[in-house]
Amino acid sequence: MEYFKFGSGKKTFVIIPGISLKSIMPQKSAIANMYSKFAEKYTIYLFDREKELKTDCTVMDMAEDTARAMKELGLSNACITGASQGGMIALYLAAYHPELVYKAVIAGSASRCTDHSKVTFQRWIRYAEKKDIRSLIADFCKILYTDNFCSQFQDSIIAANMDATEHDLKHFIILCQACIDFDFYNELDAIKRPLLVLGADKDTVFGPNASVEIAEKTGCQSYIYKNYKHAVYDEAPDFLQRMLDFFAS
């Protein structure tokens, strides 16, 4: 499992990203810049998934991988943010590895996959199986981002992913299938750590109710953004400040 580290603060902050076709490790400079306001108070770790995932790997398996990596690095009592599938992993950690979690932000995520979500992930799997990278990334952008964001960045995102390897495609398929199979709703009661759930009213992956039901089931804080899609964590200008305020409270 690859990870990168930046910042010099005394507190620990862990980022668990969502699914992507290619590893986000080459984007570490851009990510460090994005989270620069955290760097003084926090030492920040971003964990990727394991490079060689079993075909039947589950979100719970990925969460255990992340827990082992954190323990290997001596991390505990961390502020954690998980986006999309990363939020699913963060939910599991908050429930079954509470010693690792001080507080967690669950962004654009869900405790279970809806029928609509399954159709979306299955379509992405079909594109990946056909090695149709252009159609996959175009659909990925359309589903995740607002029209304004897509008009500015979709072409560059497609271009950046056109060199995805066969290993990348197989890895992506495993990640998508794990989302389809994920159902953690009845285990949300096991979470005793403070959560902040951030969702979007136009989320076309999980729908806005996915965030609402996590908040209602756990009694945690929540905020639903208006006029944003699934990747609200990349687009909302006050997203990082909301997260920072929650961790500091």
Side-chain angles (χ1 to χ4, degrees), residues 1 15-24 46-67 80-96 104-130 132-133 135-145 161 164 167-188 191 195 197-200 202-214 217 229-234:
M1 177 186 288
I15 302 171
I16 309 174
I19 66 174
S20 58
L21 178 54
K22 293 170 58 179
S23 170
I24 66 170
L46 186 147
F47 291 98
D48 205 349
R49 309 296 189 269
E50 282 201 1
K51 286 186 175 182
E52 301 297 334
L53 294 174
K54 298 179 298 181
T55 304
D56 59 350
C57 184
T58 67
V59 171
M60 284 69 81
D61 292 332
M62 297 174 201
E64 288 293 344
D65 294 339
T66 304
I80 294 179
T81 183
S84 195
Q85 187 182 75
M88 297 174 173
I89 292 171
L91 288 173
Y92 182 94
L93 293 178
Y96 296 115
V105 173
I106 311 300
S109 193
S111 62
R112 55 187 172 185
C113 218
T114 65
D115 289 341
H116 174 79
S117 305
K118 292 176 183 178
V119 169
T120 298
F121 287 116
Q122 287 164 349
R123 184 171 65 253
W124 292 346
I125 287 172
R126 288 196 297 273
Y127 282 136
E129 288 174 338
K130 292 189 294 184
D132 186 352
I133 296 172
S135 296
L136 169 60
I137 300 302
D139 193 69
F140 195 74
C141 289
K142 178 182 177 182
I143 295 295
L144 265 64
Y145 298 109
N161 282 276
H167 179 274
D168 291 331
L169 290 163
K170 289 180 179 178
H171 193 265
F172 179 80
I173 289 170
I174 294 169
L175 297 179
C176 287
Q177 188 60 52
C179 282
I180 291 172
D181 297 336
F182 184 70
D183 188 345
F184 199 69
Y185 180 75
N186 291 328
E187 296 177 72
L188 290 174
I191 296 175
L195 301 182
V197 174
L198 298 174
K202 299 187 184 304
D203 187 329
T204 47
V205 177
F206 297 121
N209 289 337
S211 293
V212 172
E213 75 172 13
I214 294 172
K217 182 78 166 170
K229 286 188 168 182
H230 178 74
V232 61
Y233 41 83
D234 286 336

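These values consider heavy atoms only, across backbone and side chains, with no hydrogens, waters or symmetry-generated copies.
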Please enumerate all residues that pass side-chain hydrogen bond (donor to acceptor under 3.5 Å, both in side chains) together with [X], with sequence neighbours excluded.
X	value
Asn209	none
Tyr127	none
Asp61	Thr58
Ser111	Glu213

Taking only residues two or more places apart in sequence, or in another chain, which ones meet Lys170 in a salt bridge (charged side-chain N to carboxylate O under 4.0 Å, His left out)?
-> Glu166

Please list, chain by chain and in numerical order, all residues satisfying salt bridge (charged side-chain N to carboxylate O under 4.0 Å, His left out) with Arg123, sequence neighbours excluded.
-> Asp139

Using residues 87-94 as the side-chain source, report each donor-acceptor pair under 3.5 Å to any protein atom, sequence neighbours left out, with the distance given to one decimal.
unit_1 : atom_1 : unit_2 : atom_2 : d
Tyr92  : OH     : Glu64  : OE2    : 2.7

What residues form a side chain to side chain contact (heavy atoms under 4.5 Å, CB included) with [X], not counting sequence neighbours?
X	answer
Ala164	Leu21, Lys22, Ile133, Asp168
Ser20	Ile24
Asp183	Arg112, Tyr185
Leu175	Ile19, Arg49, Leu53, Met62, Gln85, His171

Would you please name every residue forming a ring-ring contact (aromatic ring centres under 6.0 Å, His included) with Phe172, sequence neighbours left out?
-> none

4.5 Å side-chain heavy-atom contact, Gln177 and Ile174 = no

Is there a donor-acceptor pair under 3.5 Å between the side chain of His167 and the backbone N or O of Glu52?
-> no

